[in-house]
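Below: one structure, written as structure tokens.
Note that the coordinates shown come from a computational prediction; the quantities given were computed from them, not determined experimentally.
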Amino acid sequence: MSEEPEFVYAVPRDGLFDGVAPWLGVRRDGIEPLLERAERLGGYVERPAAEQDRTLKQIIPYVVLRDGDRIFLMKRTHAGGDPRLHDHYTIGVGGHLNPGDNWVIGGLTREWREELTADFLPEFSFFGLLNDDTVDVGVHHLGVVYLADAAGRSVEVRETHKLSGSFESLEVLRGVYDRMETWSQLVLDAILASEAGPGVRPAVRGTSE
């Protein structure tokens, strides 16, 4: 008996970026029209087809979980579904939107419960839209980025055969920065830049640039 195909939410690229040049990194200003078009113009497509169609952008809810000054850092194993991401580190919990998710927060809540073991659901604080067309994975996806705080509560990875995870200091994150997924690098850069203040470029790698 064959498995039912997975359907994921995707938006035509041309409609999504109408009048807006695609950017690299996290965009935080002028994004309301993009969010409106993403919700209005999208629909569900079989995932294998969406992953091959460069005219579509799949919408990916993505939350970075913190606990004070530490950030939840995960490492993907070879058991994960996308071989392009094996052995990479990530600071984002999230995934594709599926039918029945009731848009982004619904999908993010489902992914939280599927990927993590925690006896709480945090408040998701919207941070920005993440885009990276410089790598193959990024061409097909647009991240809707949120931040959340564990506030000292326990969090563990649920699918330990696919991921390992723990809260780590910025020093540890700097040490594995070059082995992070591109999205995680861009989001970490954006978080640190937002906290450093205007005109300050934090040295993520731990060296002056």
Side-chain angles (χ1 to χ4, degrees), residues 2-65 74 76 80-86 88 90-115 124-148 162 180-191 193-194:
S2 60
E3 289 187 14
E4 290 292 324
E6 180 185 5
F7 284 82
V8 297
Y9 192 86
V11 186
R13 171 187 287 271
D14 289 347
L16 178 66
F17 291 121
D18 184 23
V20 178
W23 65 93
L24 174 63
V26 177
R27 180 175 181 137
R28 306 191 67 195
D29 299 319
I31 56 179
E32 288 79 9
L34 287 153
L35 287 169
E36 186 275 330
R37 289 195 292 270
E39 187 171 8
R40 176 169 51 88
L41 300 176
Y44 290 97
V45 182
E46 288 193 26
R47 183 172 178 177
E51 294 288 358
Q52 298 298 319
D53 190 343
R54 298 173 72 90
T55 71
L56 296 176
K57 274 282 194 183
Q58 299 165 63
I59 303 301
I60 307 293
Y62 189 97
V63 62
V64 176
L65 182 63
M74 293 160 285
R76 300 189 188 275
D82 192 334
R84 295 170 297 187
L85 303 178
H86 290 170
H88 282 64
T90 179
I91 60 171
V93 175
H96 296 82
L97 289 175
N98 299 139
D101 279 339
N102 193 22
W103 196 224
V104 173
I105 290 295
L108 189 56
T109 299
R110 175 182 54 77
E111 290 286 347
W112 170 274
R113 290 171 173 155
E114 288 178 357
E115 294 192 17
F124 298 123
S125 177
F126 179 71
F127 186 67
L129 292 180
L130 171 61
N131 190 65
D132 177 15
D133 289 338
T134 67
V135 295
D136 185 56
V137 175
V139 166
H140 297 283
H141 303 92
L142 180 76
V144 186
V145 182
Y146 291 82
L147 305 181
K162 292 183 179 180
M180 282 185 184
E181 298 166 5
T182 306
W183 268 25
S184 289
Q185 292 177 337
L186 294 171
V187 170
L188 182 59
D189 291 347
I191 291 172
S194 72

Inset, instruction - Look up atom CG in L34 and atom CG in D18, then write down how far apart they are to the nearest 0.5 Å. - result: 9.5 Å
Legend entry - Over all atoms of both residues, closest heavy-atom pair of G107 and P61: C-CG, 4.4 Å
Inset, instruction - Applying side chain to side chain contact (heavy atoms under 4.5 Å, CB included), run through V8 and E51 and close with a yes or a no. - result: CA-CA 10 Å; V8 297; E51 294 288 358; over 6 Å; no
Legend entry - Partners meeting ring pair (Phe, Tyr, Trp, His ring centres under 6.0 Å) with F17 (sequence neighbours left out): W23
Inset, instruction - Any chance you could measure L65, atom CG, to F124, atom CZ, to the nearest 0.5 Å? - result: 9.0 Å
Legend entry - Heavy-atom side-chain contact between R13 and L56 under 4.5 Å: no
Inset, instruction - Taking all heavy atoms of G138 and all of D133, pick out the closest pair and write down the distance. - result: O-OD1, 3.8 Å
Legend entry - Rounded distance (nearest 0.5 Å) linking atom CD1 of I91 with atom CG of L188: 5.0 Å
Legend entry - pair D136-R54: side-chain heavy atoms closer than 4.5 Å: yes
Legend entry - Heavy-atom side-chain contact between I59 and E39 under 4.5 Å: no
Legend entry - Side-chain touch V20/R37, heavy atoms, less than 4.5 angstrom: yes
Legend entry - Exam field: side chain N98 to backbone F7, donor-acceptor pair closer than 3.5 Å: yes
Inset, instruction - Would you check if I60 and W183 make a side-chain contact, meaning some heavy-atom pair closer than 4.5 Å? - result: yes
Inset, instruction - Measure the shortest side-chain to side-chain distance between Y62 and T90 over non-hydrogen atoms and say whether it is less than 4.5 angstrom. - result: yes
Inset, instruction - Determine the minimum heavy-atom distance between V26 and G128, stating which atoms define it. - result: CG1-CA, 3.9 Å
Legend entry - Results of salt bridge (charged side-chain N to carboxylate O under 4.0 Å, His left out) for R28 - residues two or more places apart only: none
Inset, instruction - Please examine the side chains of L41 and L16, heavy atoms only from C-beta on, and report whether any two atoms are closer than 4.5 Å. - result: no
Legend entry - Sequence-distant partners of T55, side chain to side chain donor-acceptor pair (under 3.5 Å), two or more places apart: D53
Legend entry - ring pair (Phe, Tyr, Trp, His ring centres under 6.0 Å) against Y44, all qualifying residues, sequence neighbours excluded: Y9
Legend entry - Closest non-hydrogen atom pair between Q52 and H140, with its separation: C-CE1, 3.8 Å
Inset, instruction - Measure the CG-CD1 distance between L129 and I31 for me, rounded to the nearest 0.5 Å. - result: 4.5 Å
Inset, instruction - Please report the shortest heavy-atom distance between S184 and G92, naming the atom on each side. - result: OG-N, 4.2 Å
Legend entry - Counterpart residues, salt bridge (charged side-chain N to carboxylate O under 4.0 Å, His left out), relative to E46 (two or more places apart): none
Inset, instruction - Provide the closest heavy-atom pair for L147 versus I191 in the form atom of the first, atom of the second, distance. - result: CD2-CD1, 3.7 Å
Inset, instruction - Report the distance from atom OH of Y146 to atom CZ of F126, rounding to the nearest 0.5 Å. - result: 6.0 Å
Legend entry - Backbone of D101 reached by a side-chain donor or acceptor of R110 within 3.5 Å: no
Legend entry - Check: R40 side chain, G42 main-chain N or O, donor-acceptor pair, under 3.5 Å: no
Legend entry - CZ-CD distance between R76 and E181, expressed to the nearest 0.5 angstrom: 4.0 Å
Legend entry - salt bridge (charged side-chain N to carboxylate O under 4.0 Å, His left out) partners of E6, counting only residues at least two apart: R47
